[in-house]
> 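Mind having a look at this structure? Questions to follow.
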2 protein chains.
Amino acid sequence: MISLKNDRFYLAADCVVFTILHKELKILLIRRKNEPFRGRYALPGGFVELHENLKEAALRELAEETGVKNIFLEQLHTYSDVKRDPRARIISVAYLALISADDLKLHATTDAELAQWFSVYHLPELGFDHHTIVEDALQRLRVKLETTNIAFQLMPDKFTLSELQNAYEIILDRKLDKRNFRKKQKELNLLKELQESKMEGAHRPAKLFYFKGN
Amino acid sequence: MISLKNDRFYLAADCVVFTILHKELKILLIRRKNEPFRGRYALPGGFVELHENLKEAALRELAEETGVKNIFLEQLHTYSDVKRDPRARIISVAYLALISADDLKLHATTDAELAQWFSVYHLPELGFDHHTIVEDALQRLRVKLETTNIAFQLMPDKFTLSELQNAYEIILDRKLDKRNFRKKQKELNLLKELQESKMEGAHRPAKLFYFKGN
DNA sequence: CCAAAAGTGTTAGTGATACACCCATGT
DNA sequence: ACATGGGTGTATCACTAACACTTTTGG
């Protein structure tokens with residue numbers, strides 16, 4: 001896309017990709033190579049092409065910029081302020097994306113030099129209206145965490161109950177009660193206990209579970 | 001808009017306007033004067049213009065097609081299937097709109113001949129993907145009804161508790177317990193009782209309330 | 001006095017919260 | 001034996017659900 005015209009709309013799909021890494025809730029940002037906001041960070045994303053729908057565009061952009069596939073995507077909101085992009089009339093459809101830190105490592109690519117993970121609590125300055133988008137996404141993530149099974153999108157295939165609880169605590173930014181958390185998980189009946197245990201550190205090994213739905 | 005080109009995107013804002021009328025949950029549909037789907041019904045809406053954002057476009061279209069102003073609007077979802085409009089690549093951003101049947105009468109306009117209210121349970125065939133949009137909107141309305149104060153957007157300024165309960169029952173499509181409903185409203189403390197009563201029919205007059213927030 | 005909708009409390013059940021100790025392991 | 005995180009049950013509180021009769025009016 002060399003030059004943008006002022007007699008039409010352009011459509012972009014931008015992704016707020018969350019993961020949990022090093023006990024922090026992180027989002028993926030890309031350092032911009034071009035104007036506007038050259039050198040600043042922004043959400044991964046780009047222009048939708050005429051032959052694809054929005055979700056396809058979001059998946060394609062993510063694959064190109066980060067190498068990630070099979071990612072969980074949910075449409076968040078569409079941003080349309082007339083002046084949100086100085087170049088032209090660009091409408092951005094934002095997606096909430098979740099990925100397990102495990103899956104991440106498998107897909108590192110060449111383009112990855114420009115991509116970087118930031119704690120949501122220590123973001124750099126972002127281009128466009130991307131701060132607003134990130135806030136909306138975080139809010140949505142929290143609501144969904146407490147009302148759906150979305151959390152498992154952030155977990156590896158096998159995980160311990162403490163790891164799961166940690167994920168909740170990190171996202172909600174508050175402590176949860178261990179016994180109540182485990183009781184609830186048992187009642188929800190979404191997890192299947194494995195025979196394996198996770199051995200690490202000088203303490204009792206933790207049982208591993210996987211998400212079986214119901 | 002005479003002819004549409006195939007080298008670009010067009011943006012539309014479409015509204016699912018709910019109201020409660022004659023004890024039914026209704027949505028507003030417009031009979032199409034032009035191809036495609038000429039003669040069929042479709043959601044009110046139209047093309048976004050370059051100088052306005054999506055919400056402004058939705059409000060403008062509603063005003064033009066129905067004369068309604070000051071309506072409650074919330075962005076619902078963006079629909080982008082490549083083939084959703086046979087003419088060109090048209091992306092539709094759908095809005096959930098709520099209006100009190102009272103406010104409605106005040107704003108009837110000339111264009112209104114083409115606009116008509118239909119029970120959500122007895123819709124005619126709709127053009128485009130508008131059936132999907134309506135279903136999504138209804139689902140969202142129900143969730144919001146139970147988690148926010150959105151219901152008051154559908155009520156007149158003054159209303160009785162029975163009228164409010166009726167609105168809930170009509171939207172959720174199930175009976176609610178009268179005593180529990182009233183107790184909950186009292187606890188929520190969002191209503192202010194007026195001195196007036198509503199006298200109609202051969203029975204005890206009902207106290208009127210208005211929504212004061214908190 | 002009859003019909004019709006308004007109005008009003010109590011009880012049981014279910015889910016959320018608060019809280020403290022023993023267990024299995026590595027060093 | 002000690003340090004570390006894993007694992008477990010019970011009591012209280014808050015919210016939801018079920019349920020029936022009296023009141024006020026117009027006709």
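Protein chains get the first letters and strands the later ones, always in sequence-line order, with residue 1 at the start of each.
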> Please list, by residue number, the residues of residues 200-214 of chain A whose heavy atoms come closer than 4.0 Å to an atom of DNA chain D; answer none if no residue qualifies.
A/Ala202, A/His203, A/Arg204, A/Pro205, A/Ala206, A/Lys207

> Hey, does B/Pro36 have a side-chain heavy atom less than 4.5 Å from the side chain of B/Arg32?
yes

> Would you mind reading off the distance between A/Leu191 atom CG and D/dG7 atom C1', rounded to a whole angstrom?
15 Å

> Could you state the atom-to-atom distance from CE of A/Met199 to P of D/dG5 in whole Å?
17 Å

> Any donor-acceptor pair under 3.5 Å joining the side chain of A/Lys186 to the base of D/dT8?
no

> Under 3.5 Å, is there a donor-acceptor pair between the side chain of A/Glu65 and the main chain of A/Gly45?
yes

> Any chance the rings of A/Tyr79 and A/Phe128 have centres within less than 6.0 Å?
no

> With heavy-atom distances below 4.5 Å as the criterion, would you say the side chains of A/Gln165 and A/Glu169 are in contact?
yes

> Any side-chain heavy atom of B/Leu191 sitting closer than 4.5 Å to one from B/Leu161?
yes

> Please state how far atom CD in A/Gln185 lies from atom P in D/dT8, giving the value in whole angstrom units.
13 Å

> Could you tell me if the side chain of A/Ser92 sits less than 4.5 Å from the side chain of A/Arg84, heavy atoms only?
yes

> Got a salt bridge between A/Arg142 and A/Glu146, using NZ or NE/NH1/NH2 to carboxylate O under 4.0 Å?
no

> How about B/Leu141 and B/Leu98: do any of their side-chain heavy atoms sit closer than 4.5 Å?
yes

> Within this structure, what is the OG-NZ distance for the pair A/Ser162 and A/Lys178, rounded to the nearest 0.5 Å?
6.0 Å

> Is A/Lys183 salt-bridged to A/Glu187, cutoff N-O under 4.0 Å?
no

> Measure CG/B/Asn180 against P/D/dA14 and give the value in whole Å, please.
18 Å

> Just so I know, are the side chains of B/Ile90 and B/Tyr10 near enough to count as touching, which here means a heavy-atom distance under 4.5 Å?
yes

> With the threshold set at under 4.0 Å for non-hydrogen atoms, list the residues of residues 154-178 of chain A touching DNA chain C in residue-number order.
A/Asp177

> Could you tell me the boundaries of the chain A footprint on DNA chain C, defined by atoms under 4.0 Å from its heavy atoms?
C/dT17 to C/dG26

> If you find the nucleotide of DNA chain D closest to B/Arg179 and the one closest to B/Lys183, which residue's nucleotide is nearer the 5' end?
B/Lys183

